[in-house]
Amino acid sequence: MKKIFIKTFGCAQNESDSERVKAFFAEKGDVFVEDWKEADKAVINSCVIRESAENRVYGLIDKIKKFNPKIEIILTGCLVPITKKKITGVDQMLPIKEISFDLEPLRDKKRAALVTISSGCNNYCSYCIVPYARGKEISRKMEDILKEVDEAMEKGFEEVVLIGQNVNSYGADFGDESSVSMGKKRIKSLFPKLLEEVAKRALKKVSFISSNPWDFSDELIEVIAKYPNIDRLLHLPFQSGDDKVLKNMNRGYSKEEYLDLVSKIKKHVPDVRFSTDIIIGFPGEDEKAFQNTVDVCKKVGFEIAYLNKYSPRRGTVSAKLYRDEIPMAEKKRRWNVLNELVNKKSE
Ligand code: 5AD
Ligand code: SF4
């Protein structure tokens with residue numbers, strides 16, 4: 001029996017993974033501690049979305065090892081597949097792929113049950129490291145997902161969050177009929193069907209993250225409209241409101257297409273609200289381009305916008321092709337403008 005401390009960096013997908021990582025170690029008879037100072041082993045579930053996130057991982061490893069040189073450090077998460085060199089202080093690399101979905105997650109009782117429906121991403125937005133860190137999109141079988149939802153409900157959970165890098169394309173890798181939406185060519189998604197099956201259950205709230213503007217089909221909108229227990233706060237990242245920037249980001253849609261989609265959703269789901277992700281200061285974002293982003297914010301009226309200053313990630317296309325030309329001070333200025341416009345207003 002070992003005392004284990006688990007630290008999770010990054011997104012909901014990592015949090016969900018960590019709940020299975022916990023189950024993995026619990027099966028071996030290990031117990032968990034809240035404070036790393038008391039631990040024999042520290043498991044670090046890492047995030048690499050930005051360099052600052054990666055640096056926080058190294059920082060924590062150093063801090064823990066300095067305090068207790070004998071502690072065993074196990075690294076898992078997004079840093080494992082992309083790191084080439086040995087990381088000082090790390091004793092074992094645990095690829096997250098080795099943590100089976102058959103393990104029943106040890107869930108955090110305080111919040112909604114997180115249920116991973118797919119992992120990986122095939123979209124290759126030019127700035128994003130995720131497809132390299134998590135590989136191509138693989139969907140879990142629908143019956144397995146529903147079984148997990150039922151188990152969570154039996155344990156008393158009343159809210160479920162369905163998680164994937166791009167939930168709307170769930171099941172496209174099963175290889176059914178073809179369909180194309182918003183420039184990103186792909187095969188038919190089974191997400192509307194999955195969402196409907198989950199929403200039919202007596203859950204108070206069903207949410208999903210993240211969906212992207214492409215693949216947000218009419219069928220999906222219908223399902224959302226039909227089931228009031230589906231969360232009315234939709235997270236729909238648009239990243240930039242400028243067509244040229246969107247093209248260089250390889251997002252596959254235009255400002256107008258995004259706004260049309262939002263209008264369509266608003267029409268069918270009258271009480272819908274939106275949140276979003278925006279990247280500020282992507283190469284080529286001049287004042288006119290930035291104003292297009294401001295314009296989208298004004299038109300949609302987001303409840304929350306997660307504002308990310310662009311930072312080039314080694315290995316991605318945008319880091320290779322474009323110079324990070326917008327000065328930090330200007331990125332900060334734009335960040336403040338959007339923060340005032342969206343986040344302060346809705347506080
Ligand atoms: N620079 C800044 N923000 C980024 N994101 C992803 N990659 C980068 C990057 N290189 C942001 C996007 C995405 C969110 C999870 O992180 O806005 O939606
Ligand atoms: Fe990254 Fe784009 Fe995939 Fe999201 S959809 S994980 S931004 S490549």
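When a ligand or atom number is given, it counts from 1 through the structure's own listing order. Here the structure is a predicted model, which is why all the values come from computation and not from measurement.
At least one heavy atom of Asn212 sits under 4.0 Å from some atom of ligand 2. Ligand 2 has at least one atom lying under 4.0 Å from a heavy atom of Arg251. Contact between Ser311 and ligand 1 is present, with at least one heavy atom of the residue lying under 4.0 Å from the ligand.
Protein heavy atom in closest approach to atom 17 (O) of ligand 1: Gln239 OE1, 2.7 Å. Considering only non-hydrogen protein atoms, atom 3 (N) of ligand 1 sits nearest to Asn308 CB, 3.4 Å. Counting protein heavy atoms only, atom 8 (C) of ligand 1 is closest to Tyr127 CD1, 3.8 Å. Nearest protein neighbour of atom 4 (C) of ligand 1, counting heavy atoms only, is Ile279 CD1, 3.7 Å. Lys309 O, 3.3 Å is the protein heavy atom nearest to atom 2 (C) of ligand 1.
A donor-acceptor pair under 3.5 Å is formed between the side chain of Asp173 and the backbone N or O of Ser139.
The residues Arg333 and Glu287 are annotated as salt-bridged, a charged nitrogen and a carboxylate oxygen being separated by less than 4.0 angstrom. Under a 4.0 Å N-O distance rule, the pair Lys155/Glu104 qualifies as a salt bridge. Salt bridge Asp91/Lys41: absent, no basic N to carboxylate O contact under 4.0 Å. With salt bridges taken as basic N to acidic carboxylate O contacts below 4.0 Å, one links Asp295 and Lys255. A salt bridge does not link Lys147 to Asp144: none of the charged nitrogens lies less than 4.0 Å from a carboxylate oxygen.
When non-hydrogen atoms are compared, ligand 2 lies under 4.0 Å from the side chain of Val130 (C-beta onward) but not from its backbone. When non-hydrogen atoms are compared, ligand 2 lies under 4.0 Å from the side chain of Tyr127 (C-beta onward) but not from its backbone. With a heavy-atom cut-off of 4.0 Å, Pro131 touches ligand 2 through its side chain alone.
Distance check for Cys128 against atom 1 (Fe) of ligand 2: an N/O/S atom falls below 2.8 Å.
Shown are Phe274, Phe208, Tyr306; of these, the ring pair (Phe, Tyr, Trp, His ring centres under 6.0 Å) with His235 is made only by Tyr306.
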* To do: Just do the salt bridge (Lys or Arg N to Asp or Glu O under 4.0 Å) check on Arg334 and Glu330 with the steps written out, would you?
  => CA-CA 6 Å; Arg334 293 179 193 175; Glu330 179 59 15; 2.8 Å; yes

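Summarising the local packing, NZ of Lys244 is surrounded by 12 or fewer heavy atoms from other residues, nucleotides or ligands at distances under 6.0 Å. Within 6.0 Å of atom NZ in Lys247, 12 or fewer heavy atoms from other residues, nucleotides or ligands are found, so the atom counts as exposed in its surroundings.
Each of the following atoms of ligand 2 lies closer than 4.0 Å to a heavy atom of Gln165: 6 (S). Set against the non-hydrogen atoms of Tyr124, the atoms of ligand 2 under 4.0 Å away are 8 (S). The ligand atoms of ligand 2 that sit less than 4.0 angstrom from a heavy atom of Asn123 are 5 (S). Atoms of ligand 2 lying under 4.0 Å from any heavy atom of Cys121, numbered from 1 in the order shown and given with element: 3 (Fe), 5 (S), 6 (S), 8 (S). Close contacts of ligand 1 with Asp277, meaning ligand atoms under 4.0 Å from a residue heavy atom, involve 13 (C), 14 (C), 15 (C), 17 (O), 18 (O).
Taking the six-membered ring where the residue is Trp, the centroids of Phe238 and Phe302 are separated by under 6.0 Å.
On a distance-only criterion, Arg313 and ligand 1 share no N/O pair closer than 3.5 Å. Considering both main-chain and side-chain atoms, Tyr310 never comes within under 3.5 Å of ligand 1 through any nitrogen or oxygen pair.
A cation-pi arrangement is absent between Lys331 and Tyr310 under the rule of less than 6.0 angstrom and at most 45 degrees off the ring axis.
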